[in-house]
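Letters A, B, ... mirror the listed sequences (proteins, then strands); counts begin at 1. None of these values were measured; they are calculated from a predicted model.
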There are 2 protein chains.
Amino acid sequence: MVRSAASLIRRRGLSGASFADIVADSGAPRGSIYHHFPQGKDQLAKEAIRATSEWVLAKQGACAAKTPVGVLECFIDLWRQVVVASNGAAGCVVAGVAVDTMPDATELMAAVRAAFDSWVDSLASQLRATGFPAARSRTLAVAALAAMEGALILCRAERSVEPLETVAGQLKRLAATR
Amino acid sequence: MVRSAASLIRRRGLSGASFADIVADSGAPRGSIYHHFPQGKDQLAKEAIRATSEWVLAKQGACAAKTPVGVLECFIDLWRQVVVASNGAAGCVVAGVAVDTMPDATELMAAVRAAFDSWVDSLASQLRATGFPAARSRTLAVAALAAMEGALILCRAERSVEPLETVAGQLKRLAATR
DNA sequence: GTCTATACGAAGATAGAC
DNA sequence: GTCTATCTTCGTATAGAC
């Protein structure tokens, strides 16, 4: 069910993913939504963010690259999978919630922030581990995340992986700069 | 009214910007919505995209920079204004629509694509005019757009301009690479 | 736990008077 | 052109039976 929610948020944004759609997509029993998610949609959105965040951290954590460019390639490939698997229709769950949520939904935004922060931390420490300058590791990690999030939006607009590949090339070039 | 719509879409996404909010924010007469926008919300969203797109093109077109880095600085500054003016609450109208719209809303997505494409074209031709290699101009333009769109999302999450500044630094570094 | 039914509100859109 | 009033749809959430 959380998986269905994440999948729908990726494709249509948070408010575009209704409970009706989610139960239809997941085949989950209609009557038990509020049994499992007493706090309703916010809670489901937070779980979707959490699940996505963990998926990203796990994938990225399994990266065995020994160079900065290799680390970025792992990260790029992770998002490439999302775009290719959906034929360019899907974006990032966390970004979907971030854009489509009121600024006063404090808890949700905190979940968004936590996800982004953990990804940056993970990338930065992997970059450092390859010998990349510590002072630039976090900076490059933030740039990589921003570049991918932006690329996902462009891919969605063009319904193609092409923008992601273009951005990926520039990102790798950046990592090769000294 | 279009301006109000754009402002609200930037802050809360497309579905978060209701007509009630828009008339309240703009002070426009409630009864004349469908007089001026016979096709309803889709039309208003398209107009908001169009207006935003033209604002970006005008701002960027006024850039007098003579170097690739200068051109990027103009583009960065444009988005910095958006973030700073809203205290980190606002993002990009076009991205807001792109993320928060169903894939089958063909016309809206076409407007999104047209806006992004025109921005890339504008940037690429300005880069070429500074003597930047023609083969890399479009590539760098796409990367710059993706980087800014992603940065806007991160800024929204952190409610700070800091991510934008970080990304900006890396982008300028990229333009300086040969 | 899961069901059906329904309350409740919000949002888009329409009708017809002025 | 703009108003008020209303219709319809849809989405979240709740109540109470099984």
Nearest-neighbour nucleotide for the B:Y34 side chain, D:dT2, C:dG1, C:dA13 considered: C:dA13
Selection from D:dT2, C:dG1, D:dA13 that lies nearest to any side-chain heavy atom of B:H35: D:dT2
Separation of [N] [atom2] from [X] [atom1] (nearest whole Å):
X: B:D21; N: C:dA11; atom1: CG; atom2: P; answer: 6 Å
X: B:F19; N: C:dG9; atom1: CZ; atom2: P; answer: 23 Å
X: B:M1; N: D:dT2; atom1: CE; atom2: C1'; answer: 12 Å
X: B:K41; N: D:dC10; atom1: NZ; atom2: C1'; answer: 13 Å
X: A:H36; N: C:dG1; atom1: NE2; atom2: P; answer: 8 Å
X: B:M102; N: D:dC10; atom1: CE; atom2: C1'; answer: 11 Å
X: A:I33; N: C:dT2; atom1: CD1; atom2: C1'; answer: 11 Å
X: B:L44; N: C:dA11; atom1: CG; atom2: P; answer: 15 Å

Restricting to nitrogen or oxygen on both sides, can you table the protein-nucleotides 3-5 of chain C pairs closer than 3.5 Å?
from: C:dC3; atom 1: OP2; to: A:R30; atom 2: N; distance (Å): 3.0
from: C:dC3; atom 1: OP2; to: A:G31; atom 2: N; distance (Å): 3.1
from: C:dC3; atom 1: N4; to: A:G31; atom 2: O; distance (Å): 3.4

Residue pair B:W79 / B:C92, side-chain heavy-atom distance below 4.5 Å: yes
Test item: A:S26 side-chain N/O and A:I22 main-chain N/O as donor-acceptor pair under 3.5 Å: yes
Taking only distance into account, with no hydrogens and no angle test, what donor-acceptor pairs under 3.5 Å do side-chain atoms of residues 133-150 of chain A form with protein atoms, sequence neighbours excluded?
from: A:R136; atom 1: NH1; to: A:T177; atom 2: O; distance (Å): 3.2
from: A:S137; atom 1: OG; to: A:P133; atom 2: O; distance (Å): 3.0
from: A:R138; atom 1: NH1; to: A:D121; atom 2: OD1; distance (Å): 2.9

Residue B:E162 excluded, over 12 heavy atoms near CD under 6.0 Å: no
Non-neighbouring partners of B:D25 that pass side chain to side chain donor-acceptor pair (under 3.5 Å), sequence neighbours left out: B:S4
Closest approach of B:A98 to A:R156 (non-hydrogen atoms, all atoms of both residues): O-NE, 2.6 Å
